[in-house]
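Lettering of chains follows the sequences in order, A, B, ..., and the numbering in each one begins at 1. Small disclaimer: the values here were computed from a predicted structure and weren't measured.
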There are 2 protein chains.
Amino acid sequence: MQEAVGLIGPQGAQERVLDGVRRAIIEGRHLPGQPLSEVALAAEHDVSRTPVREALKQLQIEGLVEIRPRVGSFVRAPSRREVVELFELKEMLEGMGARLLAARGPVHELDALEENIERSGEAVARADAQRYAGLVHEFHELIVTGANNTQLVTHYRTLMNQLAYQRLVSASLTRPGRLGESLAEHRHVLDLVRGKDGIGAEFAMRDHVRSSERATLTAGHPLGGRSSTKES
Amino acid sequence: MQEAVGLIGPQGAQERVLDGVRRAIIEGRHLPGQPLSEVALAAEHDVSRTPVREALKQLQIEGLVEIRPRVGSFVRAPSRREVVELFELKEMLEGMGARLLAARGPVHELDALEENIERSGEAVARADAQRYAGLVHEFHELIVTGANNTQLVTHYRTLMNQLAYQRLVSASLTRPGRLGESLAEHRHVLDLVRGKDGIGAEFAMRDHVRSSERATLTAGHPLGGRSSTKES
DNA sequence: CCACGGCTTCTTGCATGCATCACAAGTTAA
DNA sequence: TTAACTTGTGATGCATGCAAGAAGCCGTGG
């Protein structure tokens with residue numbers, strides 16, 4: 001071909017491939033263990049193998065893809081152990097976010113959190129688990145971004161990608177009573193943040209993450225439990 | 001050329017380039033802001049541009065290199081603000097390591113830590129700051145690896161690369177009295193870990209990181225203070 | 001003297017071709 | 001029948017060529 005006429009596109013070809021494949025994995029369109037052929041992805045996104053290779057490399061670093069040299073790339077599913085490890089990290093990072101946010105004083109994220117809790121209350125009242133799942137995501141995201149620490153946000157986002165958090169949360173919220181429980185914990189965290197109790201907010205958030213972890217791991221485990229890396 | 005006769009090399013060409021450039025940046029052979037030409041690096045490592053590009057991409061994700069699209073790659077120096085952010089993260093991650101290590105009970109890392117403190121005492125007695133710096137690195141590394149959480153280790157290593165920790169620590173330890181102070185803090189942390197006081201160990205470690213941060217940032221700042229991204 | 005516009009040059013981004021290696025199916029011998 | 005060997009097919013890893021864009025430079029106009 002060698003046309004490259006359409007120039008670099010909106011934001012480069014490899015970024016398009018990167019976002020596309022990442023979303024496909026997180027949304028479950030590519031299942032764990034499934035091989036990701038470079039030529040197939042190149043054809044699918046209508047680019048050559050080069051940007052596909054670079055995108056796969058980045059996804060490997062993000063933990064979504066496993067590249068076995070000279071063999072190929074595969075969708076990576078974290079093992080059960082890794083999920084526990086990721087939750088341990090999540091606990092620390094979100095606790096850190098709550099503490100830093102409390103220390104910042106009144107910033108616009110607090111209003112957004114207030115509004116989030118209000119809308120969450122409505123969703124819980126209607127038992128709309130799907131909608132609440134989205135609001136949960138927003139709540140945690142606001143806590144972390146509100147900490148005003150870009151490094152924290154970067155590491156946190158990587159973590160969440162690996163956890164395929166969306167699906168996990170949706171699964172955990174099916175347990176009856178969990179919605180109200182979760183909302184109460186959110187409210188408690190926000191109260192402590194507003195009260196500028198940094199350490200209190202940190203530990204409330206950590207407790208919340210742990211209880212959320214329990215709810216998630218005791219619910220169905222859509223992860224399969226086994227890593228894609230078979231070590232036989 | 002197109003020879004590729006020597007086959008794939010010991011561990012692939014791009015890995016060689018990756019390690020080489022990373023070490024060069026961390027050890028200060030490539031200075032912040034300096035442009036990293038693909039062709040120059042390719043010639044230096046005797047490979048083509050392709051593996052160099054992939055290595056640079058990974059280094060960008062690790063935070064050591066900034067790639068301005070269509071412009072070039074540059075050695076990235078974290079801004080003062082980013083250094084503070086990185087230390088905040090370091091504090092949380094090492095605190096987490098200490099807590100998890102305490103919960104694990106008697107593992108071989110504890111013996112290694114004991115021995116490390118012993119050797120550290122000798123280094124302090126001889127006022128050998130250089131040797132002590134290496135032992136500090138080992139101590140913190142043992143705390144983190146001893147937590148038995150591979151995700152933690154991964155994120156932590158990335159962090160340390162960005163901080164160019166080696167140089168920073170060496171600089172901070174020039175302040176008189178800091179060596180003994182630091183050693184006492186290490187010993188305190190290890191005592192709490194051995195006593196299985198997880199939360200205590202976590203906060204002792206966090207306190208230690210904060211005091212280490214103060215010592216580092218008040219010492220000379222070899223980082224230049226300004227980011228490589230000039231925003232004028 | 002300073003500002004602005006066109007141009008040159010060097011850079012990256014992507015496409016493509018070739019060599020090498022991993023895996024599996026088919027074949028043969030015990 | 002089973003195990004080991006051979007060979008074929010497909011994949012990745014790397015080298016290289018071409019086009020588009022960005023930074024710097026020089027000349028010109030004010």
On the six-membered ring of A:Phe74, is A:Arg68 placed so that its NZ or CZ lies under 6.0 angstrom from the centre and within 45° of the ring axis? yes
Verify whether one side chain among A:Glu66 and A:Ser73 offers a donor that lies under 3.5 Å from an acceptor in the other. no
Would you classify B:Pro35 as touching base, sugar-phosphate or nothing, given that sugar-phosphate means primed atoms plus P, OP1 and OP2, and contacts are heavy atoms under 4.0 Å? nothing
Does B:Arg157 pair with B:Glu141 as a salt bridge, N-O distance under 4.0 Å? yes
Base, sugar-phosphate, or nothing for A:Ile67, non-hydrogen atoms under 4.0 angstrom? nothing
Could you give the CG-to-C1' distance, from A:Leu18 to C:dG13, as a whole number of Å? 15 Å
Output the residues of residues 50-65 of chain B in contact with DNA chain C, where contact means a heavy atom of the residue under 4.0 Å from an atom of the strand; sort by number or write none. B:Arg53
Let's see if you can work this out: which of D:dA15, C:dC14, D:dG13 has an atom nearest to the side-chain heavy atoms of A:Ala13? C:dC14
Rounded to whole angstroms, how far apart are CZ on B:Arg68 and P on D:dG21? 18 Å
Tell me: CZ of B:Arg49 to C1' of D:dC14, nearest whole Å? 13 Å
Identify, between A:Val71 and A:Ser48, the residue whose nearest nucleotide on DNA chain C lies closer to the 5' end. A:Ser48
Given side-chain hydrogen bond (donor to acceptor under 3.5 Å, both in side chains), test A:Gln58 with A:Glu62 step by step and report yes or no. CA-CA 6 Å; A:Gln58 169 143 0; A:Glu62 291 183 14; 3.2 Å; yes
Can a salt bridge be assigned to the pair A:Glu138 and A:Arg119 using a cut-off of 4.0 Å between side-chain N and carboxylate O? yes
B:Phe74 CZ - D:dA22 P separation (whole Å): 13 Å
Here the distance between atom C1' of C:dG13 and atom CD of A:Glu15, to the nearest Å, is 12 Å
Among side-chain atoms of B:Tyr132 and B:Ser182, is any donor-acceptor pair under 3.5 angstrom? yes
Nearest whole angstrom, please: distance from the P of D:dG10 to the CG of A:Leu41. 18 Å
Base, sugar-phosphate, or nothing: which does B:Ser73 touch, judged by heavy atoms less than 4.0 Å apart? nothing
Is the shortest distance from a Lys or Arg side-chain nitrogen in B:Arg206 or B:Glu94 to a carboxylate oxygen in the other one below 4.0 Å? no
Please confirm whether the shortest side-chain N or O distance from A:Gln14 to OP1 or OP2 of C:dG13 is below 4.0 Å. no
If I take atom CZ in residue A:Arg70 and atom P in nucleotide D:dT9, what distance separates them, rounded to the nearest angstrom? 19 Å
Can you measure B:Glu38 atom CD to C:dG13 atom C1' for me and round it to whole angstrom units? 9 Å
